[in-house]
Amino acid sequence: MSYGPGWSDAKPHRHSEKPPDSSGGGVTEINNAGIGGASTQLMDGGFDGARRAMEVSYFGTWAVSRAFAPILARNGGGALVSMLSLASWVGQPLFPGYAASKAAQWSLTDALRKSLHAQGTLVVSVHAGFVDTDLSAWTDAPKIDASTVAELTMDALTNDQFEVLADDETRRVKAALSEPVHAPEA
């Protein structure tokens, strides 16, 4: 079974190749599916958790975006939003499958942005550290409120911005991408 983004709800279900019909007006498609993939360890064990994370974040986003692109075009372009993570940019030894799936989704989102621009579709990537949801309930790390991320995303859509960097840590990590690679801290 392949879990992917819902057409109208947050419940996991099989990917569909056919999105619902749109009756016109502005359309925004949001790719917000994600799973932790913590069951896959970096140096031992199986790869099932990492494969599942890749299926949801990368292939799920690709399938839903591909299905919605013609609807967005027919309705004047609309917008496509991909909920990513600061893990898109930082390898994570504790959850390598999740980080790799978000890095792949980031690359895919950039390709979608370039490809769908000509049809008038705004593609927005939303990056955040831990968001206060069920997915991050396992950690006591600082978290941003989901409603804040939603507000920032709506601002980006309103102002035709391609990227949301939702919190200070995400902005710090993004800025550090141009720095030289160095040995990890002990």
Original post:
With a cut-off of 6.0 Å (strictly less than), are more than 12 heavy atoms of other residues, nucleotides or ligands near CG of Asn159?
Top reply: yes
- Task: Could you tell me whether Arg52 and Asp48 make a salt bridge, using a distance below 4.0 angstrom between a side-chain N and a carboxylate O?
- Result: no
Between Met83 and Lys102, the two heavy atoms sitting closest are O-NZ, 3.0 Å
- Task: Measure from the side-chain N and O atoms of Gln119 to the backbone N and O of Ala69, and report whether any donor-acceptor pair falls under 3.5 Å.
- Result: yes
The reported gap from CG in Leu86 to CD in Glu169 (rounded to nearest 0.5 angstrom) is 6.0 Å
Output for pair (Ser88 OG, Lys174 NZ), nearest 0.5 Å, gives 10.0 Å
Nearest heavy-atom approach of Thr133 to Ala146 is CG2-CB, 4.4 Å
Next on the checklist: Please tell me whether Trp89 and Met54 are part of a single hydrophobic cluster in this structure, the criterion being side-chain heavy atoms less than 4.5 Å apart.
Outcome noted: no
Inset, instruction - Describe, in one word, how the ring planes of Phe95 and Tyr98 are oriented to each other, choosing from parallel (under 30°), tilted (30 to 60°) and perpendicular (over 60°). - result: perpendicular
- Message: Set out, in order, the CA-CA distance, both residues' side-chain angles and the distance that settles side chain to side chain contact (heavy atoms under 4.5 Å, CB included) for Thr139 and Phe130, then state yes or no.
- Response: CA-CA 9 Å; Thr139 182; Phe130 288 115; 4.0 Å; yes
- Criterion side chain to side chain contact (heavy atoms under 4.5 Å, CB included) on Ser65 and Asn31, from CA distance to verdict: CA-CA 8 Å; Ser65 298; Asn31 294 308; 3.2 Å; yes
Notebook entry, point to check: Are Leu165 and Val124 connected in a single hydrophobic cluster, I mean Ile/Leu/Val/Met/Phe/Trp/Tyr linked by side-chain heavy atoms less than 4.5 Å apart?
Noted result: no
Nearest heavy-atom contact between Leu122 and Ala156 is CD2-O, 4.2 Å
Rounded to the nearest 0.5 angstrom, the CG-CG distance for Asp145 and Asp167 is 12.0 Å
Linking I/L/V/M/F/W/Y whenever their side-chain heavy atoms sit closer than 4.5 Å, directly or via other members, would Trp106 and Leu108 fall into one cluster? no
Correct closest heavy-atom pair for Arg171 and Ala166 would be NH1-C, 3.6 Å
Stepwise, does the salt bridge (charged side-chain N to carboxylate O under 4.0 Å, His left out) test hold for Arg172 with Asp168?
-> CA-CA 6 Å; Arg172 186 194 67 72; Asp168 290 337; over 6 Å; no
Review point. Going hydrophobic residue to hydrophobic residue with side-chain gaps under 4.5 angstrom, can you get from Phe47 over to Leu42?
Key: no
The reported gap from CD1 in Ile30 to CG in Leu80 (rounded to nearest 0.5 angstrom) is 9.5 Å
Do Val131 and Val173 share a hydrophobic cluster, counting only Ile, Leu, Val, Met, Phe, Trp and Tyr and linking them when any side-chain heavy atoms are less than 4.5 Å apart? no
Scanning both residues in full, the closest heavy-atom pair of Arg113 with Phe162 reads CD-CD2, 3.7 Å
*Please assess Val126 against Leu152 for the test side chain to side chain contact (heavy atoms under 4.5 Å, CB included), listing each intermediate value before the final yes or no.*
CA-CA 9 Å; Val126 180; Leu152 292 169; over 6 Å; no
In terms of heavy-atom contacts, Ser125 and Leu84 come closest through CB-CD1, 3.4 Å
Which is it for Glu29 and Ile71 under the side chain to side chain contact (heavy atoms under 4.5 Å, CB included) test, yes or no, and what are the steps along the way?
CA-CA 10 Å; Glu29 193 272 308; Ile71 293 170; over 6 Å; no
